[in-house]
Amino acid sequence: MHDRHGWARRLTVLCAGLLLALLGTAAPASAHAALRGTDPADGTVLRSAPRQVTLTFTESVGLLTDSFRVYDPRNHRVRTGAADHAPGRSDTARVTLPARLGTGTYTLAWRVVSADSHPVSGALTFSVGRRTATAALAPERAEDPATTTLYNIARYVAYLAVALLLGTAAFVAYCRPEVRDHLRRPALAAGWTLAAATTALLLLRTPYEEGTGPASALGLAAVARTAATRPGELLLARLLLLAVAGACALSARRWRDAVPRRAVLTAAAVLAVALCLTWAAAEHASAGLQVPVAIASATFHLLAMAAWLGGLTALLLTLRRTAPQEPGPAPVAATPYVASRFSRLAFASVTVLVATGVYQSWRGLGSWQAFTGTPYGRLLLAKLAAVTLLLAVASRSRRWTARLAEPAPVPHAGRVPQPAGGPPPPPEPEPPAAPRPSPDRLRRSVLAEVAVGVVVLVLTTLLTSTLPGRAAAEAASSGTAVAGIPAASVTTIPFDVGTPGGHGKVQVTLDPGRVGANSVQAVVYGPDGGLSAVPEVRITLTLADRRIGPLDTRVTDRGGYWAADSFDVPLPGTWTMKVTVRVSEVDQVTVSRTVRVVR
């Protein structure tokens, strides 16, 4: 009895550790809209000041109260008009600029919310008359780390809770275990956990969109603003559905004999579908191609996932319930029936998962190249590998379930009547029957399924927060960087020559950061954070794995900043940028950073 479940506890701790590690190392949610184009274009030098800046995305976007911020060359914020959409274009946002803008380089920091509820942020620059040094260091509009971490944890917990809640309900309804009291506590825990996670998402929604700290979630204004948005409405609907489900469960338990079972099952099915719709209508399916079909597919995908993975957990708890407390054979009378029923439920769930998964993969990828050429495709490959492993383990469980359900051989008893003509020839000995498998083996196999299933669920959640390959390809074809990443490559490198006041940082901009002709700009900042004039700046690029370089960018002093109007980058890859800063006649230092250049 000492080691009976020791391995189970260790494997459970391992799965929990893996989940926490993924939660802790998960990157902030990538934008699901891609920036298709801007007017004026990023890095453009204009003869006269524009009257407005327009950004066009690959899908419709929502605007925040402070979606656009414009900074002049001295890092002073420019007063602009209110942001709005272009007439009849929910995918195009714009902001009106003042009538007169002075000569120099201006920085626009922007942040909007894509149609699938994820915030999108980035920055661009444009110059009036000529390029000048700017003290605006790409103003921060990115996610607050604490808010993003808490929001992502709540998302993962919500997925796990809904899988356990709906899977347990499906297991009880279809498999009909004789003893089900041991499943009531996990189902209640899953329901309350889902309610708590949804409440956390509702409170954190506005800080998550605006990129502010978690403390701002405590204000009533933030909650009211969230409630007026589509994601907020879906979260409120989820809470309402959970309350209705709880009330129906209490009523069904109290009036168990008076309510027909078919009516209970119908109400439960409707509530489950509606609950899954609150996810489908807020994620990838809500934007892009074939939205009604995609929402239906995502809903059934989540239902099937919950029935399989949540049902596996319920089956594991049921099998553990039938484990013997004393040495000897396990009481397996009810195990074959329940396991066989769940085997059929799991097969149907897998069929739905494969069908909907293939459709959603086609919709998200858009091309075969996106499998290896985009983060979304690589995550999808990892999920496919995990699902393949899960199917292999499930197939083993199905074989043991079928053998466990086989009737035990009945031995022949008593004398066999002899015919009048004499005794019959002795019967040929029958081959020994294969031993019936122990339920312990089935429990171990099911626990392995649960462990791999947790990994699949985590990868699924990561996919919902990653830019689909189709959107990335559309943005790349238009020559615009993916939303959330500035079009130009901006690298800030600290330096220290080892003398008093001889430290600071240099900001190098490679525009557009792609193969071909690029402009190079370098601005040096002193110890106080202000602009610093230095006698010399030299910048070289080296691509070591192709034995190219160092290539001298030949930047020259432009009166406060250093620049080269045209520098050719011949190949994509990870280049090593070396910057030499000389602060006096004898004091200089060389620092380096890697820079990614795309095609």
Side-chain angles (χ1 to χ4, degrees), residues 25 27-28 30 42-43 122-123 125 137-138 142 368-379 381-382 466-467 469 472-473 475-477 479-482 484-498 502-525 532 534-558 561-583 586-599:
T25 58
S30 304
D42 185 28
T125 63
L137 289 173
W368 291 108
Q369 291 77 11
F371 263 116
T372 57
T374 63
Y376 183 89
R378 290 188 287 271
L379 264 178
L381 286 175
T466 304
L467 177 70
S477 66
T480 306
V482 172
I485 304 176
S489 170
V490 180
T491 306
T492 302
I493 312 175
F495 66 88
D496 190 348
V497 298
H503 62 278
K505 56 187 175 182
V506 56
Q507 175 191 326
V508 181
T509 302
L510 190 66
D511 191 5
R514 296 176 177 272
V515 172
N518 285 259
S519 64
V520 183
Q521 300 176 28
V523 182
V524 180
Y525 297 90
S532 177
V534 296
E536 183 182 0
V537 173
R538 184 168 180 258
I539 303 173
T540 63
L541 289 174
T542 303
L543 188 59
D545 59 348
R546 303 296 293 271
R547 298 183 180 179
I548 298 177
L551 305 180
D552 193 348
T553 60
R554 301 183 184 278
V555 293
T556 58
D557 190 358
R558 301 293 179 88
Y561 73 104
W562 297 73
D565 293 331
S566 181
F567 170 71
D568 187 69
V569 182
L571 293 173
T574 302
W575 292 72
T576 299
M577 175 188 290
K578 289 188 175 181
V579 182
T580 300
V581 182
R582 182 162 61 87
V583 298
V586 295
D587 297 316
Q588 72 176 36
V589 67
T590 299
V591 291
S592 62
R593 284 288 188 278
T594 57
V595 177
R596 179 70 178 169
V597 176
V598 298
R599 186 174 298 278

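No experiment lies behind these values; they were computed from the predicted model shown.
Applying the side chain to side chain donor-acceptor pair (under 3.5 Å) criterion to Asp557, with sequence neighbours excluded, gives no partner residue. Not counting sequence neighbours, the partners of Asp552 by the salt bridge (Lys or Arg N to Asp or Glu O under 4.0 Å) test are Arg538.
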Which is it for Val589 and Asp496 under the side chain to side chain contact (heavy atoms under 4.5 Å, CB included) test, yes or no, and what are the steps along the way? CA-CA 7 Å; Val589 67; Asp496 190 348; over 6 Å; no
Candidate pair Val583 and Phe495, rule side chain to side chain contact (heavy atoms under 4.5 Å, CB included), full reasoning: CA-CA 11 Å; Val583 298; Phe495 66 88; 4.1 Å; yes
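A distance of 6.5 Å separates CG of Leu541 from CG of Leu510, quoted to the nearest 0.5 Å. Atom OG1 of Thr540 sits about 8.0 Å away from atom CG of Leu551, to the nearest 0.5 Å.
The side chain to side chain contact (heavy atoms under 4.5 Å, CB included) test with Ile493 is passed by exactly one of Gln507, Arg593, Lys505, Lys578: Arg593.
Heavy-atom minimum distance, Pro494 versus Val591: O-CG1, 3.6 Å.
Between Val597 and Leu543 the shortest side-chain heavy-atom distance does not fall below 4.5 Å.
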Name every donor-acceptor pair, under 3.5 Å, that has one atom in a side chain of residues 564-576 and the other anywhere in the protein, sequence neighbours excluded.
from   : atom 1 : to     : atom 2 : distance (Å)
Asp565 : OD1    : Arg558 : NH1    : 3.3
Thr574 : OG1    : Arg596 : NH1    : 3.4
Trp575 : NE1    : Leu571 : O      : 3.0

